[in-house]
Amino acid sequence: MKIFLLLLIFFITSCTTPIGGAKKVDDIKPQETPSIESIEAGLWMQMNNYEERLKTSGSRLKDKDLEDYLKKILCDLTSEYCEDMRVYVQDVPYFNAFMAPNGMMVVWTGLLLRAENEAQLATVIGHEAGHYIKRHSLKTWLDAKARTDLMVIMSLGLGVGGVPFGGDIFNVTQLLQAGFMAKHSRDNEREADKIGLDFLINAGYDAKEAPKIWENIIKEMELGEINKPLSFLASHPAPKERIDNLKEQAKEYKNKENKKNTDKLKEKVKPHFHKWVKNEIRLKNKIEQTEFILETAFKGNKNDYLLKFYKGEIYRLRGDNSEDKKDNKEENNYDMAINYYNESIKANEEFPNAYKELGLLQLKIDKNEEARANLKKYLELAVNPEDESIIKSYLN
Amino acid sequence: MIVLKKILFTLFLFVLLSCQADKTYVLVEPGNLEIENIYSVSTNKKWSQFQENDYNFLFWTIDGYTIQRIVFFKPIEDGRSLFDHDSFFNQESEKRPIFNSKMNKFEIKEFFENCIIWSREFTNFETSNLNNFKIGDVDGVSFEIIAKNELGLIYNGFGIAGIKNKKFYSVYFIAPKINFYKEYEKEAKKIISSIKIL
């Protein structure tokens, strides 16, 4: 009997279309709003409330110019739906973007730092617009609800049937359910990828840039904590599969244009760029991972001295590990930081901050003469430095 | 009858014990005082002092934590952080900022800032205008604060920090930029200027 029940559960949960699952949901039409009595209207209402909170939230990056720029990309991609969607930037240093069923799109600053050009950014924005048009949130919700109902019935049935380990089985079925939802979600993601790529190419962007952003994410994951995937990828197709799909699909198109708009993106993020770089360093991810993110962010940037400087900052912020490195011949954090500061100075002899950090670090390792010379050089080069009194306290 | 009296007396003791005042907040009277043998400080106003052994800090407020507060951190040693306890809001513990007693003045400010950011108490938290500041006999620093919470409320403030006997000490004042900061700035500056590390 128990075996029969177990088999029944596995059979039910292995159906590709769950009992009572989501019915066919049509694409949302431009300027369409759900009827007030519908489930979708309830989802919209919840997200409208969330959106109202987001508008005044401290985590929102209130840069109208940047938000207008992202909105323009969205409108260029999805002209018919332009007025149905809004874009907000949230100051969170991780790679992520998401779309709510009511047309609220949120882009995290970690994504803006990582996108090498506008085409890569448009890849993600187009993908998110695909979720809206295909009503994926509603589909996922209906599907989840249907499965939850099924789970309740099954748990009751198990209870009545007197299966002693019913609770444990319930956990197993929950696991199976979660697996299905991820699969369902991944199907949605594949669909959104396809739509996003259509948008991208029709708007004249270089389709070859679409897989590149995922290639960079794979690389970043490999260099970092691979057991903790980036939040955006939690329910998404494996990046490798996604790259292959996108590359395959991109072949089908004859590009009208191949625009990347690298400079345009860099100009728009410029006011925040250094803060975002600092936030990334502050996360204290694996050093190789952070270095890779910075190298991507600085790609095409003529200010190589800044990349070197920030690489120095990555190592300085890790603190002194000379004791740990004493027995092997690897360079410690401070040695690495000093090397990078020196490289930064070599690339731009007029950059004051590299002299300052180099001097302060040299003071710590008792290279006092060199430290003094570098701190003096900093005071010479810096224009009205607000930290003059502090620096002088180290020189006296 | 004697048994009944004993029971009543015991019950009375229980009632007395249950009426014991909640010691989480205590009143701070104007004058000179010492805070947990860590800081000496003087105030011209009455403040409510929040104290809990579980926390690495205590704070003073008049109208409530979100309206204005002076936060006194307890000293921390090498290898520790200002927020060593894990909570739902914290990030992974291995990534918390770590204090090192060889930090220079810039790193002292940076460490303080990074700890507050790590605690996720604010969505934005920046320090600026770093200056030399004597905390009694300790050669420390002062800095200004601008912050924003999840509701979008902007805060202004200032703080001091320094290292004594290889331990990190810090105190800061913060209040909403609208109205409250200006109202309490002068008094908070007097208090923070009077601080000595014991």
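Lettering follows sequence order; numbering is per chain, from 1.
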Drop me the distance from [X]'s [atom1] to [Y]'s [atom2], to the nearest 0.5 angstrom.
X	Y	atom1	atom2	answer
D320(A)	M103(B)	CG	CE	11.0 Å
N114(B)	L317(A)	CG	CG	6.0 Å
S393(A)	N131(B)	OG	CG	10.0 Å
N104(B)	L361(A)	CG	CG	8.5 Å

Tell me whether [X] at atom [atom1] has more than 12 heavy atoms from other residues, nucleotides or ligands lying less than 6.0 Å away.
X	atom1	answer
I178(B)	CD1	no
K74(B)	NZ	yes
E349(A)	CD	no
R80(B)	CZ	no
K367(A)	NZ	no
K167(B)	NZ	no
N165(B)	CG	no
E288(A)	CD	yes

With no hydrogens and no angle check, is any side-chain donor or acceptor of [X] less than 3.5 Å from a backbone partner on [Y]?
X	Y	answer
S59(A)	T123(B)	no
N124(B)	G58(A)	yes
N132(B)	S389(A)	yes
K284(A)	R96(B)	yes

Which portion of K356(A) sits near chain B, non-hydrogen atoms under 4.5 angstrom: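 Just its side chain gets close to chain B.
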Decide side-chain contact (heavy atoms from CB on, under 4.5 Å) for K105(B) and Y394(A); before the verdict, give the C-alpha distance in whole Å, the side-chain angles of both, and the deciding distance to 0.1 Å. CA-CA 10 Å; K105(B) 289 174 180 175; Y394(A) 283 114; 3.3 Å; yes
Applying side-chain contact (heavy atoms from CB on, under 4.5 Å) to F106(B) and I391(A), what does each step give before you reach the verdict? CA-CA 10 Å; F106(B) 295 94; I391(A) 296 291; 3.7 Å; yes
When E110(B) is tested against each of R316(A), R282(A), K278(A) for salt bridge (charged side-chain N to carboxylate O under 4.0 Å, His left out), which residue passes?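 That would be R316(A); it is the only one of R316(A), R282(A), K278(A) passing the salt bridge (charged side-chain N to carboxylate O under 4.0 Å, His left out) with E110(B).
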Pair K275(A) + E126(B): basic N to acidic O under 4.0 Å: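 Result for this pair is yes, salt bridge flagged.
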Determine the minimum heavy-atom distance between [X] and [Y], stating which atoms define it.
X	Y	value
N129(B)	E386(A)	N-OE2, 3.1 Å
S57(A)	E150(B)	OG-OE2, 2.6 Å
K102(B)	K364(A)	O-CE, 3.3 Å

Interchain contact, L130(B) with chain A, by part (heavy-atom threshold 4.5 Å):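 L130(B) touches chain A through backbone and side-chain heavy atoms alike.
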Decide yes or no on side-chain contact (heavy atoms from CB on, under 4.5 Å) for R53(A) and L151(B), but give the supporting numbers first. CA-CA 8 Å; R53(A) 288 204 302 274; L151(B) 295 171; over 6 Å; no
